Protein chains: 2
Amino acid sequence: MYRNLHLTPQRKSVYDIVSQSADHPTAADVMERLRQAGHKLAYATVYNSLRYLTDAGVIQELRMGSGAARYDARLEAHQHVVCTQCGRVDEIFEIMPAGYAEAITNETGYRVDHVDVVAKGLCPDCAKSSRH
Amino acid sequence: MYRNLHLTPQRKSVYDIVSQSADHPTAADVMERLRQAGHKLAYATVYNSLRYLTDAGVIQELRMGSGAARYDARLEAHQHVVCTQCGRVDEIFEIMPAGYAEAITNETGYRVDHVDVVAKGLCPDCAKSSRH
DNA sequence: GTGAAAGATGGATTCATTCTAAATACAAAC
DNA sequence: GTTTGTATTTAGAATGAATCCATCTTTCAC
């Protein structure tokens with residue numbers, strides 16, 4: 001995949017699951033899908049692999065609200081929306097208005113290097129079924 | 001404080017701690033400050049109170065990255081910056097460019113009702129000491 | 001006052017994650 | 001090709017945050 005990436009068989013199988021899943025799986029989801037695919041890794045190995053891949057920059061860790069961290073193999077800059085009803089997570093590619101990060105730097109004095117956006121609301125399905 | 005707010009002595013003491021703390025305390029911080037102030041509440045009571053106050057809309061719960069939730073008594077619309085080195089959290093009052101939430105709605109089909117922004121970077125102090 | 005409902009308490013429990021110590025694999029040095 | 005060392009995996013124990021539970025207390029309506 002990338003140079004300097006030490007992909008053991010376990011790490012590769014974890015990477016494969018994450019990159020083939022469109023729904024931002026949690027560590028537990030990854031475990032389960034590995035098991036379904038006939039692999040059996042220790043819990044610690046899944047966590048270690050997810051961290052390794054995150055540090056290596058080939059996947060991203062998403063933390064949105066409470067609950068388990070989720071993982072995403074899409075690397076393009078993007079943000080996320082979470083459904084407050086069913087928990088579904090989707091990508092947002094609409095880019096943040098330029099200048100906002102700089103405005104934050106000016107206001108706070110922080111050296112901002114990254115801005116995470118998490119939108120919350122109802123996904124199309126839940127919005128439809130809640131419209132009574 | 002507000003109408004329809006059932007402030008028991010315990011809830012009031014939790015509210016007082018949160019509103020007098022500028023550093024976005026965690027539940028454990030609140031516990032400790034209560035103890036220092038001479039109150040002793042059960043852990044569950046602190047959590048219940050924080051949730052009650054959050055639901056009542058008089059404080060906000062902040063979840064940024066891993067670790068414990070933090071609480072904030074400032075109610076004006078605002079966002080947060082976290083220092084990736086020391087964990088300090090500050091407020092951002094610079095408002096999000098209008099139209100961004102709507103752009104998200106258009107792109108994703110979600111009925112977006114709220115957008116959380118968490119900026120990450122180095123706080124002024126850490127930035128200074130890391131400049132070698 | 002009596003009883004129902006809401007709230008508080010301490011301890012046990014759950015869930016996500018990390019740690020630990022032992023077992024394996026793998027690569028470089030001889 | 002055996003030895004030595006370093007990185008990785010493993011199972012299970014341990015941790016930290018938060019919630020649950022069963023019991024006791026308070027509050028309020030009547």
Side-chain angles (χ1 to χ4, degrees), chain A residues 1-18 21 23-35 37-56 58-72 82 87 89, chain B residues 1-18 21 23-35 37-56 58-72 82 87 89:
Chain A
M1 181 96 242
Y2 283 82
R3 66 280 99 141
N4 293 337
L5 191 61
H6 183 6
L7 267 201
T8 63
Q10 290 86 341
R11 287 173 183 168
K12 173 148 182 14
S13 62
V14 169
Y15 177 75
D16 288 345
I17 295 292
V18 175
S21 300
D23 61 345
H24 311 84
T26 63
D29 293 333
V30 172
M31 269 259 77
E32 190 195 323
R33 290 171 202 185
L34 281 167
R35 191 153 288 154
H39 301 105
K40 62 171 192 345
L41 306 203
Y43 241 90
T45 303
V46 171
Y47 276 102
N48 288 341
S49 299
L50 289 168
R51 181 151 27 157
Y52 177 83
L53 296 166
T54 301
D55 290 348
V58 296
I59 65 175
Q60 301 191 243
E61 187 183 61
L62 269 45
R63 288 189 168 272
M64 22 206 16
S66 47
R70 290 165 162 269
Y71 297 87
D72 188 343
V82 200
V89 175
Chain B
M1 180 99 239
Y2 283 81
R3 65 280 99 141
N4 292 337
L5 191 60
H6 184 6
L7 267 201
T8 63
Q10 291 87 341
R11 287 174 184 170
K12 173 148 184 13
S13 62
V14 169
Y15 177 76
D16 287 344
I17 295 292
V18 175
S21 300
D23 61 345
H24 311 84
T26 63
D29 293 333
V30 172
M31 268 256 80
E32 191 195 323
R33 292 172 201 185
L34 282 167
R35 192 154 287 154
H39 300 107
K40 59 170 194 345
L41 307 202
Y43 241 89
T45 303
V46 171
Y47 277 103
N48 287 341
S49 299
L50 289 168
R51 181 151 28 153
Y52 177 83
L53 296 166
T54 301
D55 290 348
V58 296
I59 66 175
Q60 305 193 237
E61 188 182 60
L62 269 44
R63 289 190 170 269
M64 20 205 17
S66 46
R70 291 165 162 269
Y71 297 86
D72 188 342
V82 200
V89 176

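Per chain, numbering begins at 1; letters A, B, ... match sequence-line order. No hydrogens, no waters, no symmetry mates; every other heavy atom, side chains included, goes into these values. Not measured: the values here are computed from a predicted model.
Map B/G67 and B/A44 each onto its nearest nucleotide of DNA chain D; the residue landing nearer the 5' end is B/G67. Nearest-nucleotide assignment on DNA chain D puts the 5′-proximal partner with B/T26, out of B/T26 and B/H6.
Between B/L41 atom CG and C/dG7 atom C1' there is a gap of 12 Å when expressed in whole angstrom units. In this entry the distance linking CE of A/M31 with P of D/dG12 reads 13 Å, nearest Å. Look at OH on B/Y52: it is 7 Å from P on C/dG7, rounded to the nearest Å. Atom-to-atom, CG of A/N48 to P of D/dT6 comes out at 20 Å; the value is rounded to the nearest Å. Following rounding to the nearest Å, B/Y43 (OH) and D/dA17 (P) show an atom-to-atom distance of 7 Å. The separation between B/R51 atom CZ and C/dA6 atom P is 16 Å, rounded to whole Å. Going from atom CG of A/L50 over to atom C1' of C/dA16 covers 13 Å, rounded to whole Å. B/Y15 places its OH atom 21 Å from the C1' atom of C/dG7, with the value rounded to the nearest Å.
Among C/dT9, D/dT9, C/dA8, the nucleotide with an atom closest to any side-chain atom of A/T8 is D/dT9. In the set D/dT8, C/dT9, D/dG12, C/dT9 carries the atom at the smallest distance from any side-chain atom of B/Q10. The side chain of A/R11 lies closest to D/dT8 when the candidates are D/dA11, D/dT8, D/dA18. Comparing D/dT10, C/dT9, D/dA17 by their nearest atom to the side chain of B/A68 picks out D/dA17.
Using a 4.0 Å heavy-atom criterion, one finds that A/A69 contacts the sugar-phosphate atoms exclusively. Contacts of B/T45 with the nucleic acid, taken as non-hydrogen atoms under 4.0 Å apart, include base atoms.
Rounding to the nearest 0.5 Å places OG1 of B/T54 at 8.5 Å from CD of B/Q60.
In plain terms, the two heavy atoms of B/Y71 and B/A27 that are nearest each other are CE1-N, 4.3 Å.
Inter-residue side-chain proximity for A/Y52 and A/L5 is flagged as met; some heavy-atom pair is nearer than 4.5 Å.
Using modelled atom types, one side-chain atom of A/D29 and one backbone atom of A/T26 make a donor-acceptor pair closer than 3.5 Å.
Remark: A/D55 does not engage A/R51 in a salt bridge, criterion side-chain N to carboxylate O under 4.0 Å.
Side-chain nitrogen and oxygen atoms of A/Y47 include none within less than 4.0 Å of the OP1 or OP2 phosphate oxygen of C/dT18.
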